[in-house]
Trainee: 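Below is the structure I would like to discuss, written out as C-alpha cells.
No experiment lies behind these values; they were computed from the predicted model shown.
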Amino acid sequence: MKRLTTSLAALSLTAGLAQAQGADVPDNLEKLSNFQSTGTTEFTFIEQGGDFAEGIKRNLERIELPPGFRIGLYAVVPDARHMAVGPQGIVTFVGTRKDKVWAVTDRNKDRVADEVKDFAPSLRFTIPNGPCFSKDGFLYIAEQNRVLLFPAAEFFYESGDVAAFNLVKQGELIPVEEESFNHTARVCDIGPDGMIYITLGQPFNVPAPEKRELYDKWGIGGIIRMNTDGTGREVFARGIRNSVGMDIDPETGEVWFTDNQVDGMGDDIPPGEINHATGPGQNFGFPWYGGGSIRTNEYKDEEPPADVVMPAVEMAAHAADLGMMFYTGNMFPEEYRGAIFSAQHGSWNRTTPVGARVMVTTISEDGTATSKPFAEGWIDENGEYLGRPVDVAQLRDGSILVSDDLVGAIYRIWYQPE
C-alpha cells in the first residue's frame, strides 16, 4: 500500500488539482459494485502531530465546559463535517463538503486518533457531507445528488477498493437542474422502521412560488425516507429550509432535526430551530415562516398552512444549528442522559458573531425542550472564529466527538471529575 502523508497546505493543492481535472478522474463505482479491482493503492494520510496540532490544542484551553468535563484534540481531519462512528468502534467516517471522506482510526484505544486517511480513494465523491450507519454495519453516504451504500466499510476500509453500490443513483436524489452550490450538505439516519431518512435543503434564501410544486414533489426543503434497498421513497416532512442535523429519539423513535433559518431580516431575527416530528406528513412552516413565528417578507400576504408545526426550541438567530445527536452513553452525569447535543456552526453575516459552540437540550417529562450552552469559546474577544463546530457523535465509551470544518479537526469531550 503506497503511503502519501500530506500537510493541510499540500492537501489543498492536491484537492485543487483534482477539481481542475474533474471528469478525468474515474469514478469506478461500476467496478466496485461488481467486486472488481481498480488498481488503486495510494492513500492520502494526514499528519497528526506537529505545530499545527499543537496550535489547536492551545486554542482548546479557552473552551469553557461544565465542571468535570474535559476537551482534547482527537484528530486532525481537513474540512471535517458530519461523522458516523462504526458500530464495532473500529473507525469513524467523516464527510466533507468537498470530494473526500476520511477514515479516522484510534488503533491503540487511547482515545486519540492514530491514523486519518481517505476512504475509498478509487471513488469520486461530490459533497459527501452525510455518512450514517445502520445497526448491522452498513455505511450510507448522502452526497449532493446521490446516496452510496458500503455493506462492510468498517472492516474493509484498509483497502483502496471497497464494495460500493448505488442506493440512489447520481442525478436521482433531486432533479439535476436543481443541483446547486448552496444548501447541498445532506445528512442521513436510519430509523427504527428500517428506513433511511435524508434531509434535502432547498437552495434559496426564500424560494419563488413557482418552485414550490416541484420541491413539494421531491421533498426538497424537507426530509425524505426510503427503504434501505432504495425502494418506497416518500416525503416524510415538509416546510424545512435547510436541515443539516437530524437524529431519532431512541426512546420514542421520533425524528428531531435542526433547521437554518432565513437571512437578511436583521441580526436578531428569525430564530434558529430544533424541531420535533412526531410522525410523517408534518409541515414545519417554511417559506411562510422564516424561523419560529417570524413571517417572511416574501410570503407575508399569503395564508400559511393551518397545520404548521412550530419548533420545539427556538435557538439564537443566525447561530447556524447543524449536527445533533441524542446522548445514550453512561459516562456523563445523569442530567445528560437522553439529552440532545448539537453544534452551532456560527453566524456568517451577523454584525456581531454568535454561535460556534456545542449546545445541550434537555427534554422534560411533558415534552418541553430547553437548550443551553455546553461547550463554548470558539469566538475570541476580537470576534474572530477559532473554530466552527459542525457535528456531534458518540464513542462507545460514552465520550463525544465534535467536528470542526474551519480548523479541520475533531475534538473529544469526556467527563473526568477531580
Side-chain angles (χ1 to χ4, degrees), residues 4 6 8 11-33 36 38-46 75 77-84 86 91-105 116-133 138-154 156-174 176 179-188 196 198-201 230 244 323 390-391 403 405 408 410:
L4 173 63
T6 184
L8 291 180
L11 181 73
S12 297
L13 177 60
T14 303
L17 291 172
Q19 290 172 359
Q21 292 166 354
D24 295 333
V25 181
D27 186 39
N28 289 319
L29 181 60
E30 184 175 353
K31 282 189 174 182
L32 297 181
S33 297
Q36 296 175 329
T38 68
T40 301
T41 60
E42 187 171 278
F43 287 87
T44 299
F45 290 80
I46 303 302
V77 185
D79 311 303
R81 293 281 295 181
H82 283 71
M83 302 173 285
V91 60
T92 296
F93 293 93
V94 184
T96 70
R97 287 200 298 183
K98 295 184 178 177
D99 59 1
K100 291 283 191 186
V101 176
W102 300 105
V104 179
T105 309
V116 175
K117 65 182 180 183
D118 50 345
F119 170 64
S122 63
L123 281 175
R124 184 172 69 247
F125 293 105
T126 303
I127 314 181
N129 181 82
C132 63
F133 266 107
F138 282 43
L139 174 67
Y140 301 84
I141 296 179
E143 295 187 273
Q144 178 189 39
N145 202 0
R146 177 175 68 170
V147 183
L148 293 175
L149 163 63
F150 302 86
E154 195 174 11
F156 295 101
Y157 76 100
E158 300 284 20
S159 171
D161 293 332
V162 58
F165 304 88
N166 276 315
L167 182 72
V168 179
K169 292 181 180 179
Q170 178 64 42
E172 296 185 6
L173 187 61
I174 62 172
V176 173
E179 289 181 1
S180 170
F181 58 83
N182 199 34
H183 298 168
T184 52
R186 320 295 187 199
V187 297
C188 64
I196 182 171
I198 303 167
T199 63
L200 297 180
V244 197
V390 175
D391 192 25
S403 60
D405 64 348
I410 296 175

Trainee: Could you grab the distance from atom NZ of K100 to atom CG of D118, nearest 0.5 Å is fine?
Mentor: 3.5 Å

Trainee: Test F125 against I141 for side-chain contact (heavy atoms from CB on, under 4.5 Å), laying out the working first.
Mentor: CA-CA 10 Å; F125 293 105; I141 296 179; 4.2 Å; yes

Trainee: Closest approach of Y157 and A103, non-hydrogen atoms and distance?
Mentor: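 The pair with the smallest heavy-atom distance is CD1-CB, 3.7 Å.
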
Trainee: Only counting residues at least two apart or in another chain, list the ones meeting ring-ring contact (aromatic ring centres under 6.0 Å, His included) with F165.
Mentor: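 Listed in chain order: F35.
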
Trainee: If I take atom SG from residue C132 and atom CG from residue L139, how far apart are they, to the nearest 0.5 angstrom?
Mentor: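 So the gap between those two atoms works out to 7.5 Å.
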
Trainee: Looking only at non-hydrogen atoms, find the nearest pair between S33 and A164 and report the distance.
Mentor: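 Heavy atoms only, the tightest pair is OG-O, 2.6 Å.
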
Trainee: Could you check whether any side-chain N or O of W102 sits under 3.5 Å from a backbone N or O of P78, counting only pairs where one atom can act as donor and the other as acceptor?
Mentor: yes

Trainee: For A120 and V162, work out which heavy atoms get closest and say how close.
Mentor: CB-CG1, 3.7 Å

Trainee: Measure across G230 and L167 and return the closest heavy-atom pair with its distance rounded to 0.1 Å.
Mentor: N-CD1, 3.3 Å

Trainee: Decide side-chain contact (heavy atoms from CB on, under 4.5 Å) for L32 and D161; before the verdict, give the C-alpha distance in whole Å, the side-chain angles of both, and the deciding distance to 0.1 Å.
Mentor: CA-CA 7 Å; L32 297 181; D161 293 332; 3.7 Å; yes

Trainee: Verify the ring-centre separation between F119 and F150: is it less than 6.0 angstrom?
Mentor: yes

Trainee: Under the rule for ring-ring contact (aromatic ring centres under 6.0 Å, His included), what residues qualify as partners of F133, not counting sequence neighbours?
Mentor: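 ring-ring contact (aromatic ring centres under 6.0 Å, His included) list for F133, sorted by chain: F93.
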
Trainee: About how many Å separate CD1 of I196 and SG of C188, when rounded to the nearest 0.5 Å?
Mentor: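 These two atoms lie 4.5 Å from each other.
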
Trainee: Centre of F45's six-membered ring, under 6.0 Å away, within 45 degrees of the axis: is that where NZ or CZ of K117 sits?
Mentor: no

Trainee: Between atom CZ of R146 and atom CG of L29, what is the distance when rounded to the nearest 0.5 Å?
Mentor: 5.5 Å

Trainee: When you look at L173 and L200, which way does the side-chain contact (heavy atoms from CB on, under 4.5 Å) test go after all the steps?
Mentor: CA-CA 9 Å; L173 187 61; L200 297 180; 3.9 Å; yes

Trainee: Side chain of S403, backbone of I410: donor and acceptor closer than 3.5 Å?
Mentor: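 Checked: no pair found.
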
Trainee: Counting heavy atoms not belonging to Q36, are there more than 12 under 6.0 Å from its CD?
Mentor: yes

Trainee: Thinking salt bridges, do R97 and E143 make one under a 4.0 Å N-O criterion?
Mentor: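 Salt bridge flag = no for E143 with R97.
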
Trainee: Apply side-chain contact (heavy atoms from CB on, under 4.5 Å) to the pair V101 and T96, showing each step before the final yes or no.
Mentor: CA-CA 6 Å; V101 176; T96 70; over 6 Å; no

Trainee: Please round to the nearest 0.5 Å and tell me the distance separating atom CG of D405 and atom CZ of R81.
Mentor: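 With rounding to 0.5 Å, CG (D405) is 5.0 Å from CZ (R81).
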
Trainee: Listed by chain and number, what are the side chain to side chain donor-acceptor pair (under 3.5 Å) partners of R186, not counting sequence neighbours?
Mentor: none

Trainee: Grab the two heavy atoms, one from A80 and one from V390, that are nearest each other, plus how far apart they are.
Mentor: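 So the minimum-distance heavy-atom pair works out to O-CG2, 3.9 Å.
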
Trainee: What pairs with N182 under side chain to side chain contact (heavy atoms under 4.5 Å, CB included), at least two apart in sequence or on another chain?
Mentor: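 Expected list: S180.
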
Trainee: Can you list the residues that meet the side chain to side chain donor-acceptor pair (under 3.5 Å) rule with T40, with sequence neighbours excluded?
Mentor: T38

Trainee: Counting distance only, does the side-chain N/O of T105 pair as donor-acceptor with the main-chain N or O of V91 below 3.5 Å?
Mentor: no

Trainee: State, with a plain yes or no, whether a side-chain heavy atom of Y140 is found less than 4.5 Å away from one of L148.
Mentor: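 Not touching, per the 4.5 Å side-chain cut-off.
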
Trainee: Would you find a donor on one side and an acceptor on the other, under 3.5 Å apart, between the side chain of H82 and the backbone of V244?
Mentor: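 At least one qualifying donor-acceptor pair exists.
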
Trainee: Could you state the interatomic distance from CG (L123) to NZ (K31), rounded to the nearest 0.5 Å?
Mentor: 12.0 Å

Trainee: Can you tell me if N28 uses its side chain to pair, donor with acceptor, with the backbone of S122 under 3.5 Å?
Mentor: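 Between the backbone of S122 and the side chain of N28 there is a qualifying donor-acceptor contact (under 3.5 Å).
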
Trainee: With sequence neighbours left out, write down each residue that passes side chain to side chain donor-acceptor pair (under 3.5 Å) with E179, or none if nothing qualifies.
Mentor: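 Side chain to side chain donor-acceptor pair (under 3.5 Å) list for E179, sorted by chain: N145.
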
Trainee: Ignoring hydrogens, what is the shortest heavy-atom contact between M83 and T92? Give both atom names and the distance.
Mentor: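 Heavy atoms of M83 and T92 come nearest at CB-CG2, 4.2 Å.
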
